[in-house]
Every structure is written in structure tokens, then in C-alpha cells.
*Asks:* 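This is the structure I want to talk about, given as C-alpha cells.
Just the heavy atoms: all of them, side chains too, but no hydrogens, waters or symmetry mates, feed the values below. The sequence lines fix the lettering, A, B, ..., with proteins before strands; numbering per chain opens at 1.
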Amino acid sequence: MIAPAPRNIDLKKLEEKVQKFWKEHKVYEKSKEALRDKPAYYFLDGPPYASGAIHLGTAWNKIMKDAILRYLAMRGYNVRRQPGWDCHGLPIEVKVEKEMGIKNKREIEENVEAFIEACRNWALRHVEIMTSQFKRLGVWMDWDEPYMTLKDDYIESAWWTIKRAHEKGLLTRDLRVVTWCPRCETALADAEIEYAERTDPSIYVKFPVVGAENEYLLIWTTTPWTLVGNLAVVVHPDFDYVKVKTSQGKLIIAKELVHLLEDKFGLSYEVLEEFKGRELEGLQYENPLKDYIKVEAPENAYRVILADFVTLGEGTGLVHCAPGHGPEDFEAAKRYGIPAICPVDEEGRFTEIAGKYAGYKTKKDDKVIIQDLSKKGALLKAEHITHRYGHCWRCKSPIIYRATEQWFIAITKLKEKMLSEIERVEWIPEWAGSARFKDWISNAKDWTISRQRYWGIPLPVWVCDSCGSMEVIASKAELEAKAGKVKELHRPYVDVSFACECGGEKRRVSDVLDVWFDSGVAGWASLGYPAKEEPFRSLYPVDFITEGHDQTRGWFYSQLGCGLLAFDEVPYRRVLMHGFTLDEKGEKMSKSLGNVVTPEEVIERFSADILRFYVLWANKPWEDLRFNWEEVKVVSKMFNILWNVYVFATTYMSLDGFTPEKVPPNLRKHCRSEDKWILSKLNSVIKEVSEAFDTLHLYKATRALNEFIVEDLSRWYITLVRPRTWVEKESIDKIAAYSVLYRVLCHLAKLLAPIAPHVSEEIYQNLVASLGIGEDSVHLEKFPSPHEEYIDKELEEDMLVARGVVEATASAREKLGVKRRWPVLRLIFSPIDDRAAKAAKHLEELIKRQGNAMELVILPPGEEPAEVELVAEPNFATLGPEFKGLAKDVAEAIRREDARKLHAGIEKGYPLTVKGEEVLIKEKHVEFKKRLPENMASASFDHGVVYIDATKTREILELGYAREVVRRIQEMRKELDLAVEAYISTKVSVGDEEIVDYLEAQREYIARETRSKQLEIATQLTHEGYEKVWKIEGKEFRISIREVE
RNA sequence: GGGCCCGUGGCGCAGCCUGGUUAGCGCGUUCGCCUGAUAAGCGAAAGGUCCUGGGUUCGAAGCCCAGCGGGCCCA
């Protein structure tokens, strides 16, 4: 039996109930089982970082995935839906350091094992927390079998990939200048740098030229500390430079920037010489700090060198070059045979060779260097600059550049292939690949994959300490064969050594891998490849991924890189790039701003289904989502409407004992126009929703569903169908209505299942599963396919016209102040064309009923009702100057003339005889106005004009007053909280004979509608029971009711 | 400085690819209506330089160019 749904529903509780149902009946498992032999679909979950709670963005991401996967499952695909967890890396290390009270790497070194175990526990703990949060959202994934980057088999896949890179000669070790975090004491990848505003010193320094008296190279820098490592000055070979005489000595500066001396430093100057940059090549100078530092000058150092990266935008056109502290500096110096020196250690402290500065910290102690420059008379100007500067994205420390030995993947050698490979991928939106990602790849540099840290996949490279030969190990078994039992594949357990063929000892390079490498191999690591052939062989490559636009430089990129190393191709085929969640003002949500909205909060105030629908509805997925509580409320309202529809349907179906078995075999024969219409609309919406899912434009699916539920189903179909359900007798018309409503709701449950899995399950359980038909769960159902033969676009258009007529009628009523309860005598429709006329004719009965009209008149297109009076108003502004003294008489003649005839002939000029004179009336002389009689009003809409004639005939007065009274009695019944089927005795008194007469005429109707066994109507009565005075149409009505047996 | 995205009534968004009658929708506001889905529901009204300026075109919110503002990414 279909159960009547409760009127008030707590969606949160409903969701808990449904989730319990899924669990108890193993619905997820059944779904997987049912799809086992179906075509495989490989979805790969971008692993969220396992270090905290989920936020709105993570929730949006998983909801999107879940909706798409549920849809694909309902479409009959054997979908792989394994969740992933990114478990390694600095953020966890940083948190564990805090937890353990550790301040630097030295303290970690004291007990690496304890530190690693703490990191592992931290990750696993948060995986658990986040899993339960995702589950609460209704996300269906293999929560018990996730892939985790910390597992040995996963690590082995990464190792194998490194080995592939090595085999291809793409794994290199090199001294290079890398971005470095002095707090974390490790190299950082481009992707790990966050740019933010920062104020730094901005200084202009004079470098004394050797062998010239009081002559200087003028350089500019925002990193004074790098002057310690200065070994050259770079100029652009093609730029013009000048030597000028000033009170500060002779200065060499770019010609184009020489004006700065005066503008910025207030120095007057005299140009002594002008030359090209290349003429300065080889010029020797001294580091102004030379007395303080112990740098042993390499050969060729402290000379002017040439490079074309020099710009004239900022500075002086002469760039101070510290090869150990800038990638461009490094390259330029290398060409002149100047080696890099790096007087800075891992913690960003100066080393012994920095002499006086040994132990000072870079950046922090810039001021000491600035003071010394000043002491030496080398400082021309010191000020500050606010600019964007790179910071470690985990600990927010400003980065420095250091020359260090690092391991790289030679991405620059793969760039061409990368660019061609991404063209094979379907990007949604298209520009995510063709523009954004392409741009990022085009600028890509070699990928620094080594990190001088602990909690990560160990770099699987062993180097012999005697012969230097190197070996990459790809699995635990391989390692154990050489070095004996290894507990598992993290530090310190893997930091073992084994004998080299040369007799030396091979030791592991102590680095771990960049975490982006971890997730980059997920495509095969999550499948256990290469250790297992299956399911890799049947699934790979990945069919679909979806992540935020920050992953352009993140996961989209690392997967592409790793994919090329492993299999020479891009590992994914379809990518949906989504946006970020922002607050109501469009700002990033952050704890410090206090504007964070958590998914829990939304579920608490509304429900998971509402949150799900909201995020899939609010905007296009690739744009940023501005979270807005008001909009969530709108979605919540839609769910309420859906629920009300469902309550209405089940209430009456259950009252009448309707079951799907009662659906007549030849249902369409018994369908009214509105039934056929809603079935047409239903199938149209099925089509629309399927297409939206297929193209991943989920916002179109939610919007179409919203429109259908609110506009078509609730506001129109239910309104139309209501009276049919009130009929107490069995009738095929009623059964047809139930059958149609039933079908609509069943399909709606399936359409909503991917988006709102809980509510749809509840509806499905009641309407289908509980009757022992269909599947055990809506999520085991097939997604509906549209019945094209039910789609009747002509009928849909007709209904649009009919609705328009009804709405225009309401508008016209309002103009006259005629309530909808009161029938109008005539409803006259003047259609704009034949199409509209035909539509109104087709749905005549429906229009009459909904417009509450005694009669509907449809005029031929363009024709107006005879009652419309056309009035010609003479325009004195034009008549006066033209006709002078005759103007008044012309105006009078215009008024007297038949306005219709005048209107018809005016275009060519309408001749009138005024006082014997022939005048020609033109358009500018007349203004035509339309006038309706008192009792009429009109309203126009897209398909024509609607006129109502609200003349109150005897019949209308009877019906109107009767309905007014019925309505009041119903209200009173409700106030008394009477059962729907209870009988009453009713008395109505009103001090107006005529009205009493009207009501008497409708006695039977009033008694029936209000279930009154006795009904007294008079001008004067002794009332009893529940009594109330009402004012209707300005008259006082005294009504009393009393319950009777 | 470069790349990409966004800019439509007070607010949140459609429409733009494929140019064409009065630019839609929701929220909010005001005024009504309805009441056997009822601690709901419905209608109407007011409210718009479609960021700005050029161009293409018979016609531009839409296409092209430039600029401004916001976001993301990079240098």
C-alpha cells in the first residue's frame, strides 16, 4: 500500500533513516554487484589531503563526483568509485612537529621512526574523520577500500615510475638554484609556492670599478643579503649605458634610466660617456662588502657579464648577479665559467664563508648588510618596496633561492609531447585545456622532485659511496633481495645500504619525493600496477576526473608528467575543471576572515540533499561558487514544494486505495489534455536532464528539474488535477489522474536520485519498493529514457497559451477588483494569431475552469470585442498652428467622426468637411485611445489580449456569495479542528433579504461542501455553538456551526 | 608584465557559442489573491546605461578591438 506521507518532514532525520536503510540492506554492494559485468568506467578520485576536516569546496567536489557516478551507474556502467587520500607531505609534518613540540630537523633526526609513526597516525586519523563527513553527504564510494599514498603497494608504483624515468634518462641530479623554504629546510616545487604581498628593502648600491678613481656600477636589489654571494654584474648587450659625473662619484647606469638620479635621488649629473652594454663586458669591480666576507673569488668573478634577461622596467639596467641565489643568475654566470657559491645553509643562515655574517639569517638580518653598505659609502639609497613575493604554501615563510643538489624530472624534454597529448583530452570547459593548461605547460620548467624531508615516498635511488654508480629500485622485493628484510617503505626503514659491485656501499639518497609525484601516479598506483596486471589492463586509462582550477598546476599537471614517464601518454580522457567556493562577497573563505561555512553547518540547518542540489544548481561548475544562505533557502523551498506534491499525491492515493495495478492498460485514452501535457513535459525534462548529465553541465539538470517541479508540476498540474481527486466515487477520470501523477513521481524520483539520493529514495520506497515492484532501491534503477512519442511540443505550446490566458485573466480581475472566487460572466480572448486561437480552442474547458468564467469567447486573430470603444482625441498642438481659427471646429469634427473609420483611413489622410471646407486629417492630428465599459477590463500577454466582462448576473451573485460563505465555514471547521468527514449544523444570518435569497438558491451546494446536515439561512437567527462574524463584500455575516452526529 | 575566467535591476543567476519582436528567472520590496498540498501556495506592480568606449552589421547583452573593475594562475 502507498502510505500517506507525513505533512511535516525533517529532511535531516529522513536522510539518517535512508542511510541506515542503505547500510542494512547493503544497497551499495548490491549496486556494485548488479553492474559487475557491465561496461567498465574508470573514474579516478583526486585524493584530498588527509590533514583536516572537509570544507565546502571539498564537499562540492565530492558531491559533483557522486552525482555523476550515480548517474553513470544508473545508465548501466560498471563505475570504479574508489576514493583516494593524499597522505604524505609537509603539512602533516608541520602539524606533527607542533604536536610533538619539535622545532627543527635536528630534533626530528633524533627519532625519525617516532616522527614517521606520528605522521602516519595523523593521516589515518584524518582519513577516518573525513570519510565519515563524506558519507554524511550521501557520497557513495568504496570507503573501505580507498587508495592511500602511504601504503607500500602505492609507494612501489611510484618507485616503478621513477625507475621508468631513469630508464628514459629523464631523472637527473644537478646543482641548480631552487626555491627553498628556510623553515621547512627543503626545496619547493613551483606548485608549492604561494605569492603574496610583502614589504622588502629596495636599495641602490654602488660597486666600485677596479682601476678607476671614484667610479661605480650602480645596481639595485630587493634582497640585500644576496650581495654576499654576488659574483658578477649583468648588463644587456644592446642597451645604451652612460657614465655620468655626480656628487656621488662617476656612476654607470642605463641611459634610459639616468633620469632617476635626478628624480629619485636629487642628484644633478653630467653625462661623460655613452656606450652599448656589450662594451662593458669584462669590466672589473669590487664587492663593497669584500672586507666583511671570506668569499674566495673564483676565477672570472667580479666582472661585468652580458645577458638579455635584463629589463629597464625597474632598477638601473645593471643587475647584481649572485649565481647561488637566482636561476637566471646561475645560468648567466655559468656561461662565463663562474661557479655558483652558496654562503647560506638549509636554515637560511650564512655560513663561515660569509665572514662577519656567519650565523646571521637571510632576509631577517638584511638591515645589518644595509648598515655596512652605508658605512662603506656604497649605499646610494635605501627605501622599501611592497611587491608580490613567493612564500612556502604550507608554513607561509618567504622563500629564498639556494643553489643545491637536487633531483629533477626533465620536463623541458617532454614539453612538446605534453602539449600534443593534452589535445587528446576532452576539457570541460574547453578553455581549461586549450588555454589555461596549455599556458601553464608552455612555461613549465624541470620538475624538482626531491625534498629534504621525512614523511613522504622515499626517493628510491641508491648511490655508491665509492664508485658513485647509481641504482633505482622499483619494489620492496627488489630492495629486500639486496638489503634484507625491510619493515615497510618509509624512512627510516628504507634507509638501508647494500654492497656495490665495486666493493663499496650503496646508500639511499636521503630525500623523499615531492607529494605531487605521489598523486601523479594515482592512475595506475590506485590499481596496484605494476604489481598486479588486473584491473589495470581492463581499466586504464582513466575515463574521467574532475577537480578545481587550482589543479591545473597541481594534479592535472603531475598526472600528465607521470603519465608520460610511465606510458608515454596522458593518463586521463575527460576532465571537468570546477571552481572555488567563495563567501557571499566573493572572497575566499578562510579561518582568519571568519567567513568559513562548513558543510556540517548547511546540513544542520537544511539537509545534505539541499546542500547537494544547491551546489549543483547555483552556477556553472567551472565558475567560482559564491555561497549564499538565501539561495540555499530557495532550494529548500523547492524541496518543500516537492514534498507537498508528494504529500498531496500519497494522501489521496492512499485514501482511495490507489495502487499501480489500477493503472488502466489504455491509460492515454482516459487522459485529459493536462495529463498528456504533464507526461509530455516529463519526457522533455528527462531528455534535458540526461543531456545535461552527458555533457556534465549539471547546472542545467538541476535547473530543469527545479523548473519542472515548481512551475509545471506544482503550480500547474496539481492545481488542475486537484478537483478530480475530490470526487468521492470511483471514476476513470480520477484513476487516470492518479496514474499520471504516479508515473510522474516515480520518474521524478529516478531523475533526482543522482542529485538528491535521500529524498528520492524515500519517495521511491513508498511508491514502488514497498509495493514489491521495481528494485529494492531507486539507486538500483535504470535512469529513465525519454519516450519520444509522449513528447508533444504542440500541446506544450498550447498549454503555454492557456496558462497565459489564465494569468492574464487574473491580472484583468485585479484591475477591476474582482476576486478569483467570483466567476466572471465572459472571458474574451483576442489571440495574436491562428496558432494562439487554436491553442485556446483546444484547451477551452481548462481555461474556463481556471479562469473561473461562465463563458469563453475566442475572437478571430487580431479582432477586438465589440465593446472596445475606439476614441479619437484631437491633438491641439498640431491642429492649432495648422488650422488656426478653424482648429476648434476641426477638433469637434474629429470627435464626431466614427473613430474606427477614421483610424482605418488616416494613413493616407482622412478628408473631413468642416464649415464647408475640406480638410485632410493626418496621424499627427489625432491620438487614438481605447476605452472599455465599466464592467470590463483587459490584460495583454505574449499571445494576445484577454478581456473580462465582470457583470454580476443573478447566477454569479448566487455562486459568488455561496462560495464566500462556504469558504468561511470551512475556515471555521478547521479552527474547530473538525475531522474532514465530520458533519455539522450551520446557521448563517445576514441583514440583507437579497443575499439570503441568493444563498437559499445555493442551499444544496453550501450544505454539500460544508457537510452541513442542517442549514439555516435568514436575516435574523439565534446562533449557537461556534460563532463568528465575517465581513463579505462590505456586509456583515454571522455564522455559527456545531458538530452533529 | 603575461595567460585564463567573470562583470546583466538592491542581491544571486539564465541568456552570449549559432546577432533579430517589449532582455528572462529566483530572492527581496510593495499591493493583492487563494485556501480540502495549508506553520504552505499563487498573482501583479515597481525596479535594468546588459562595466565603459570604439568597430562590424539594416540590427549588438551577444561578434571583434581597446580600456576599466574583480577572481585565479604565472612572471
Side-chain angles (χ1 to χ4, degrees), chain A residues 4-5 7-8 190-191 193-195 309 311 313-314 328 387-388 390 429-445 548-554 557 577 579-580 582 584-588 614 617-620 622-635 637-638 640-652 655 699-700 703 706-707 710-711 713-716 718-719 721-723 725-726 806-815 817-822 832 852 939-942 963 966-968 970-971 973-974 978 980-981 1009-1011:
Chain A
R7 287 189 196 289
N8 297 312
D190 284 351
I193 294 160
E194 198 171 82
Y195 287 82
F309 66 78
T311 64
E314 288 170 311
E328 285 168 325
H387 58 165
R388 290 178 69 76
E430 192 273 333
W431 50 261
S434 68
R436 209 186 158 101
F437 198 29
K438 201 168 174 179
D439 183 56
W440 167 259
I441 293 171
S442 306
N443 294 316
K445 299 190 203 93
H549 47 53
D550 54 331
Q551 299 303 330
T552 304
R553 70 170 183 175
Y557 180 67
M577 184 187 81
F580 273 18
L582 308 173
E584 287 173 338
K585 294 183 208 113
E587 287 178 57
K588 233 178 183 172
Y614 168 72
W617 166 85
N619 60 353
K620 301 187 186 90
W622 49 86
E623 285 172 17
D624 291 346
L625 185 146
R626 287 188 180 199
F627 182 83
N628 187 318
W629 284 108
E630 287 305 310
E631 299 297 306
V632 181
K633 225 187 265 173
V634 172
V635 173
K637 255 173 138 173
M638 185 212 81
N640 193 28
I641 290 175
L642 172 67
W643 191 259
N644 277 333
V645 168
Y646 171 62
V647 167
F648 170 80
T650 53
T651 304
Y652 287 99
L655 217 60
Y699 72 105
K700 289 186 181 165
R703 281 162 196 235
N706 177 53
E707 174 93 1
V710 174
E711 206 58 51
L713 184 57
S714 168
R715 286 187 194 165
W716 198 238
I718 295 293
T719 314
V721 94
R722 219 145 42 166
T725 64
W726 300 338
V806 173
E807 274 160 22
T809 307
S811 169
R813 276 173 179 276
E814 203 172 323
K815 287 177 189 164
V818 180
K819 294 177 190 168
R820 242 183 273 185
R821 259 198 302 269
W822 288 72
I832 202 161
N852 195 11
S940 61
F941 69 111
D942 286 354
R963 284 187 68 172
V966 166
R967 154 87 193 86
R968 265 47 171 218
Q970 300 285 30
E971 175 94 37
R973 285 181 63 113
K974 195 178 294 164
L978 294 185
V980 189
E981 63 277 7
E1009 290 293 309
T1010 60
R1011 293 178 86 83

*Asks:* In the strands shown, is B/A66 matched to any nucleotide by a Watson-Crick or G-U wobble pair with both distances under 3.5 Å, and which?
*Replies:*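 Its partner is B/U52 (Watson-Crick or G-U wobble, both distances under 3.5 Å).
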*Asks:* So does A/Arg813 get a side-chain nitrogen or oxygen closer than 4.0 Å to the phosphate oxygens (OP1/OP2) of B/G43?
*Replies:*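 Result: no.
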*Asks:* Just compare B/C72, B/C34, B/C6 and give me whichever is closest to any side-chain atom of A/His549.
*Replies:*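 It is B/C72.
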*Asks:* Could you state the CZ-P distance from A/Arg967 to B/C34, rounded to the nearest angstrom?
*Replies:*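 Whole-Å distance recorded here is 8 Å.
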*Asks:* Rounded to whole Å, how long is the line connecting atom CZ of A/Arg821 with atom C1' of B/U35?
*Replies:*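 Distance, rounded to whole Å: 8 Å.
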*Asks:* Less than 6.0 Å separating the ring centroids of A/Tyr646 and A/Trp643?
*Replies:*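 Centroid distance A/Tyr646-A/Trp643: below 6.0 Å, so yes.
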*Asks:* Suppose you measure atom C1' in B/G19 against the same atom in B/U57; what distance do you get, rounded to whole Å?
*Replies:*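 It works out to 9 Å between them.
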*Asks:* Calculate the interatomic distance between A/Asn628 atom CG and B/C27 atom P; express it in whole Å.
*Replies:*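 Interatomic distance, CG of A/Asn628 to P of B/C27: 13 Å.
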*Asks:* Pick the P atom in B/G54 and in B/G59, then give their distance to the nearest Å.
*Replies:*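 Straight-line distance between the two P atoms is 15 Å.
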*Asks:* Got more than 12 heavy atoms from elsewhere within 6.0 Å of NZ, A/Lys819?
*Replies:*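 Count over threshold, so yes.
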*Asks:* May I ask you to say what A/Tyr614 touches in the nucleic acid, namely base, sugar-phosphate or nothing, with a heavy-atom cut-off under 4.0 Å?
*Replies:*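 Touches nothing.
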*Asks:* Quote, to the nearest angstrom, the C1' distance that separates B/C42 from B/C6.
*Replies:*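 36 Å, rounded to whole Å.
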*Asks:* Report the relative orientation of the aromatic rings in A/Phe627 and A/Trp629; use parallel for angles under 30°, tilted for 30 to 60°, perpendicular for over 60°.
*Replies:*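 Rings of A/Phe627 and A/Trp629: perpendicular, over 60°.
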*Asks:* For A/Glu328 and A/Asn640, find the nucleotide of RNA chain B closest to each by heavy atoms; which residue's nucleotide sits nearer the 5' end?
*Replies:*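 It is A/Asn640 whose nearest nucleotide is closer to the 5' end.
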*Asks:* With a 4.0 Å cut-off on heavy atoms, is A/Lys700 in touch with a base, just the backbone sugar-phosphate, or nothing at all?
*Replies:*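 Nothing, no heavy atom under 4.0 Å.
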*Asks:* Could you tell me whether the phosphate oxygens of B/G26, OP1 or OP2, come under 4.0 Å of any side-chain nitrogen or oxygen in A/Lys637?
*Replies:*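 Answer no for this pair, as no side-chain N or O of A/Lys637 is under 4.0 Å from OP1 or OP2.
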*Asks:* What is the pairing partner of B/U29, taking Watson-Crick or G-U wobble pairs with both distances under 3.5 Å in any strand?
*Replies:*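 Its partner is B/A45 (Watson-Crick or G-U wobble, both distances under 3.5 Å).
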*Asks:* Taking atom P of B/C34 as reference, at what distance in whole Å does atom CG of A/Asn644 sit?
*Replies:*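 Going from A/Asn644 (CG) to B/C34 (P), I get 20 Å.
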*Asks:* Look at all strands and tell whether A/Val645 reaches a base, only sugar-phosphate, or nothing, counting heavy atoms closer than 4.0 Å.
*Replies:*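 Here A/Val645 touches the bases of the nucleic acid.
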*Asks:* Please determine if A/Glu971 and A/Arg968 form a salt bridge, counting it only when a charged side-chain N lies under 4.0 Å from a carboxylate O.
*Replies:*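 Result for this pair is no, no salt bridge flagged.
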*Asks:* Between the base of B/A37 and the side chain of A/Thr651, is there a donor and acceptor pair under 3.5 angstrom?
*Replies:*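 By the distance-only test, no, there is no pair.
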*Asks:* Could you tell me which non-hydrogen atom of A/Arg820 sits nearest to which non-hydrogen atom of A/Asn852, and how far apart they are?
*Replies:*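 Scanning both residues completely, I find the closest heavy atoms to be O-ND2, 2.7 Å.
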*Asks:* With a 3.5 angstrom cut-off on both distances, give the Watson-Crick or G-U wobble partner of B/C13, or none if there isn't one.
*Replies:*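 The answer is B/G24, by the H-bond criterion.
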*Asks:* Looking at B/A14, I'd like to know if its phosphate oxygens (OP1 or OP2) sit under 4.0 Å from a side-chain N or O belonging to A/Lys620.
*Replies:*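 For A/Lys620, the contact criterion (side-chain N or O under 4.0 Å from OP1 or OP2 of B/A14) is met.
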*Asks:* Below the 4.0 Å mark, does B/C33 have OP1 or OP2 next to a side-chain nitrogen or oxygen of A/Arg820?
*Replies:*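 The answer is no; no side-chain N or O of A/Arg820 sits under 4.0 Å from OP1 or OP2.
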*Asks:* Within this structure, what is the CG-to-C1' distance between A/Asn443 and B/G3, rounded to whole angstrom?
*Replies:*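 The answer, rounded to whole Å, is 8 Å.
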*Asks:* Roughly how far, to the nearest 0.5 Å, is OG1 of A/Thr650 from CG of A/Leu655?
*Replies:*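 OG1 of A/Thr650 is found 10.5 Å from CG of A/Leu655.
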*Asks:* For B/U18 versus B/G26, give the span between their P atoms, rounded off to a whole number of Å.
*Replies:*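 So the two P atoms sit 29 Å from each other.
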*Asks:* If B/A40 has a Watson-Crick or G-U wobble mate with both distances under 3.5 Å, name it; if not, just say none.
*Replies:*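 Paired with B/A40, as far as the under-3.5 Å criterion goes, is no nucleotide at all.
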*Asks:* Could you work out the separation of B/U30 and B/C13 based on their C1' atoms and round it to a whole Å?
*Replies:*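 These two C1' atoms come out 23 Å apart once rounded.
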*Asks:* Of the candidate nucleotides B/C34, B/A37, B/G12, which contains the atom at the shortest distance from the side chain of A/Thr719?
*Replies:*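 So the nucleotide nearest the side chain must be B/A37.
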*Asks:* Check A/Arg703 with A/Glu707, please: is the shortest side-chain N to carboxylate O separation under 4.0 Å?
*Replies:*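 No, no charged N to carboxylate O under 4.0 Å.
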*Asks:* Atom CD1 of A/Ile641 to atom P of B/C42: distance rounded to whole Å?
*Replies:*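 After rounding, the reported distance stands at 5 Å.
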*Asks:* Pick the P atom in B/G70 and in B/A75, then give their distance to the nearest Å.
*Replies:*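 The answer is 22 Å between these two P atoms.
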*Asks:* Run the ring-centre check on A/Trp440 versus A/Tyr557 and record whether the distance is less than 6.0 Å.
*Replies:*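 That pair passes the under 6.0 Å test.
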*Asks:* Students often get this wrong, so: under 4.0 angstrom with heavy atoms, is A/Ser714 touching a base, only sugar-phosphate, or nothing?
*Replies:*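 Base contact - A/Ser714 has a heavy atom under 4.0 Å of at least one base atom.
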*Asks:* Taking atom P in both B/A45 and B/G24, compute the distance separating them and give it to the nearest angstrom.
*Replies:*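 Comparing P positions in B/A45 and B/G24 gives a spacing of 12 Å.
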*Asks:* What's the closest nucleotide to the side chain of A/Ala435 if the choices are B/C4, B/U35, B/G43?
*Replies:*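 So the nucleotide nearest the side chain must be B/C4.
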*Asks:* Which nucleotide in the list B/C73, B/G26, B/G15 gets nearest to the side chain of A/Trp440?
*Replies:*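 Taking heavy atoms from C-beta onward, the closest nucleotide is B/C73.
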*Asks:* Could you state the CD-P distance from A/Glu631 to B/C25, rounded to the nearest angstrom?
*Replies:*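 Value for this atom pair: 16 Å.
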*Asks:* Suppose you measure atom P in B/C63 against the same atom in B/C50; what distance do you get, rounded to whole Å?
*Replies:*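 These two P atoms come out 15 Å apart once rounded.
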*Asks:* If I take atom CG in residue A/Asp624 and atom P in nucleotide B/G7, what distance separates them, rounded to the nearest angstrom?
*Replies:*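 The distance from CG of A/Asp624 to P of B/G7 comes to 12 Å, rounded to the nearest Å.
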*Asks:* Heavy atoms under 4.0 Å, any strand shown: does A/Glu1009 hit a base, just sugar-phosphate, or nothing?
*Replies:*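 If one applies the 4.0 Å heavy-atom cut-off, A/Glu1009 turns out to touch a base.
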*Asks:* With RNA chain B as reference, determine whether A/Arg703 or A/Phe648 sits nearer its 5' end, using the nearest nucleotide of each.
*Replies:*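 Upstream on the strand: A/Arg703.
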*Asks:* Could you please name the option among B/A37, B/G3, B/C16 that lies closest to any side-chain atom of A/Arg436?
*Replies:*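 Within the option list, the nearest is B/G3.
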